[in-house]
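Counting convention: from 1, in listed order, for ligands and their atoms alike.
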Amino acid sequence: MAASSEHLPDAAARIGPALLTRLREREPLLWVNPHAESMAAGAGALEAGFDIAAAAARFNRFRGLMRALFPALEPLDGRVESGLLPLSRFSALLGGQGAWFLKGDHALPVAGSVKARGGFHEVLAHAERLATAHGLLQPGQDPIVLQQPAARAVFSRHTISVGSTGNLGLGIGLIAAGLGFQAEVHMSADAKEWKKRRLRERGIRVVEHAGDFADALEGGRQRAATDPSVHFVDDERSAELFLGYAVAAQELARQLDAIGRTPSRERPLFVHLPCGVGGSPGGITYGLKALFGDAVHTFFAEPVAAPCMLVQLAASGQGPLSVYDIGLDNKTDADGLAVAQASHLVAPMMKRRLSGVFTVRDDDLLRDVCRLQRTEGLLLEPSAIAAARGPLFLAQSEAGRAYLDAHGLRSCHSNATHVIWATGGSLVPAEEHARYQAKGAELLGSG
Ligand SMILES: *Cc1c(COP(=O)(O)O)cnc(C)c1O
């Protein structure tokens with residue numbers, strides 16, 4: 001898999017020559033999704049088999065066990081949740097409208113990234129199935145019993161495997177190891193060295209693959225297919241991951257209620273989410289649309305070198321379209337977002353729900369990482385700040401203003417709540433943060 005130009009005529013036909021040119025020139029842009037539909041709040045909008053309430057109930061059932069396994073969850077009563085932080089100084093610096101907040105998943109306990117939500121949910125679901133099949137857990141029984149030796153002995157004979165650019169591997173690896181499973185993470189050879197080191201330090205096996213993220217995923221998938229003791233967490237296809245992310249919408253709803261910002265037509269909620277393969281922002285969008293319908297507008301942020309969800313949703317006709325097919329190289333400092341092909345599970349579910357996608361240059365990510373540290377004292381990794389440009393695209397770009405007009409939102413935009421979803425950072429080593437800060441400061445200095 002490499003950049004090639006043989007698919008360009010096909011890509012031009014599928015996404016249009018004008019958009020193709022702008023994407024190929026790596027111009028930061030806002031693409032508004034023409035397929036988005038108006039939708040009423042309420043479970044009626046959910047796809048069959050995608051049950052958010054069941055996922056929320058599972059997290060709830062496991063609170064006691066999670067608290068027992070991870071001391072960091074003691075003060076949270078076993079809930080894997082993050083804060084909602086005001087961003088008034090950062091938004092003032094950028095000249096933003098409305099009230100800006102950061103959803104602090106960079107500091108999610110245990111895993112330090114948004115991956116804790118989806119990854120933990122899938123591993124808990126697998127542990128529950130396995131324990132039930134072995135007669136170790138009865139229906140209705142508190143899963144706290146899974147910390148006993150009998151359950152750990154069963155888990156130790158099973159492997160949880162995952163393909164990851166890093167953070168999903170950390171999230172899955174840490175909870176899998178915590179429960180007593182063996183854990184194995186398939187990574188591309190160019191994944192960040194410190195992430196591989198962190199995993200190995202915690203007893204998690206790292207398997208390196210030539211090629212990109214998709215090749216690492218395929219390698220892991222194939223190995224798991226031939227060994228029944230291996231459960232592969234498939235970032236491109238897993239409904240359990242997706243639903244773990246979707247539960248976050250309920251948490252955000254409670255936090256908005258608590259500060260008197262319940263979303264409504266007059267007080268719209270805009271949520272801006274960094275997108276890699278699409279699982280985390282897709283699941284969160286799915287949950288938010290179910291709760292708030294037309295009162296919430298979600299936008300994904302992607303690097304200019306890897307706008308995989310934009311390309312997939314903009315393409316007409318059937319079948320996948322990758323960023324390689326349009327001549328981009330998928331090379332970005334935002335390693336959590338370096339994904340060439342959007343999830344086949346998630347892209348179709350976003351077609352009706354997602355408001356749009358905007359693209360961001362790496363230099364701007366590094367500048368924003370530095371601005372956020374200076375104004376709010378928060379340290380994020382470049383992937384995790386990608387969403388910060390969303391409110392500005394809406395207020396300042398032609399496409400953004402057209403979106404506000406089309407939805408009758410121009411007059412109430414100053415009442416809007418903007419949530420920028422921070423997706424990772426607290427497990428990044430201090431020297432790595434220092435490098436990001438130095439690069440960002442240099443870029444800010446040179447204008
Ligand atoms: C994984 C990740 C994302 C994107 O999540 P996807 O599910 O791949 O779309 C964004 N930011 C960070 C820091 C991540 O680790």
Side-chain angles (χ1 to χ4, degrees), residues 82 102-108 111-119 121-122 162-174 185 187-188 191-192 194-195 198-199 212-214 216-217 233-246 248 271-287 298-303 306-310 312-313 330 332-347 349-350 354 357 360 365 368-369 378-388 390 420-428 432-433 436:
S82 72
L102 193 80
K103 185 62 178 133
D105 281 5
H106 63 290
L108 266 181
S113 82
V114 68
K115 302 302 195 305
R117 299 183 182 278
H121 180 252
E122 174 147 358
V162 64
S164 172
T165 56
N167 285 343
L168 185 62
L170 271 173
I172 298 270
L174 292 174
V185 180
M187 301 180 86
S188 58
K192 296 240 189 288
W194 70 263
K195 291 192 175 172
R198 281 254 147 139
L199 287 164
D212 75 353
F213 172 64
L217 257 180
V233 177
D234 198 323
D235 203 9
E236 284 182 327
R237 301 177 187 173
S238 166
E240 275 164 358
L241 268 180
F242 184 84
L243 288 168
Y245 293 124
V271 181
H272 310 276
L273 299 137
C275 177
V277 70
S280 68
I284 293 167
T285 294
Y286 184 75
T298 63
F299 292 87
F300 288 179
E302 302 193 302
C308 65
M309 188 62 77
L310 193 168
Q312 188 63 48
L313 292 180
N330 188 29
T332 167
D333 285 333
D335 61 324
L337 314 182
V339 178
Q341 175 67 62
S343 159
H344 310 304
L345 171 77
V346 178
M349 292 170 82
M350 290 304 102
L354 187 66
V357 183
V360 194
L365 292 179
D368 285 348
V369 160
L378 298 170
L379 288 172
L380 264 55
E381 55 184 291
S383 302
I385 191 69
I420 292 162
W421 212 287
T423 44
S426 67
L427 290 195
V428 175
E432 203 68 22
H433 276 306
Y436 298 147

For ligand 1, output the ligand-protein N/O contacts shorter than 3.5 angstrom; if there are none, return none.
from: ligand 1; atom 1: 5 (O); to: Ser280; atom 2: OG; distance (Å): 2.8
from: ligand 1; atom 1: 7 (O); to: Gly279; atom 2: N; distance (Å): 3.2
from: ligand 1; atom 1: 7 (O); to: Ser280; atom 2: N; distance (Å): 2.8
from: ligand 1; atom 1: 7 (O); to: Ser280; atom 2: OG; distance (Å): 3.3
from: ligand 1; atom 1: 8 (O); to: Val277; atom 2: N; distance (Å): 3.0
from: ligand 1; atom 1: 9 (O); to: Gly276; atom 2: N; distance (Å): 2.7
from: ligand 1; atom 1: 9 (O); to: Val277; atom 2: N; distance (Å): 3.2
from: ligand 1; atom 1: 9 (O); to: Gly278; atom 2: N; distance (Å): 2.8
from: ligand 1; atom 1: 11 (N); to: Thr423; atom 2: OG1; distance (Å): 2.7
from: ligand 1; atom 1: 15 (O); to: Lys115; atom 2: NZ; distance (Å): 2.6
from: ligand 1; atom 1: 15 (O); to: Asn167; atom 2: ND2; distance (Å): 2.7

Next item on the list: Could you walk me through whether Phe300 and Thr285 pass the side chain to side chain contact (heavy atoms under 4.5 Å, CB included) test, one step at a time?
Entry: CA-CA 10 Å; Phe300 288 179; Thr285 294; 3.4 Å; yes
Check: Just wondering, do Val428 and Leu379 contact through their side chains at under 4.5 Å, heavy atoms?
Finding: no
Checklist line | Check: Leu427 main-chain N/O paired with Arg198 side-chain donor or acceptor under 3.5 Å | finding: yes
Notebook entry, point to check: Any side-chain donor-acceptor pair under 3.5 Å between Lys103 and Ser82?
Noted result: yes
Next item on the list: May I have the step-by-step check of salt bridge (charged side-chain N to carboxylate O under 4.0 Å, His left out) for Lys195 and Glu381, ending in yes or no?
Entry: CA-CA 12 Å; Lys195 291 192 175 172; Glu381 55 184 291; 3.3 Å; yes
Next item on the list: Taking side chain to side chain donor-acceptor pair (under 3.5 Å) as the test, write out the residues that go with Asn330, two or more places apart.
Entry: Tyr324
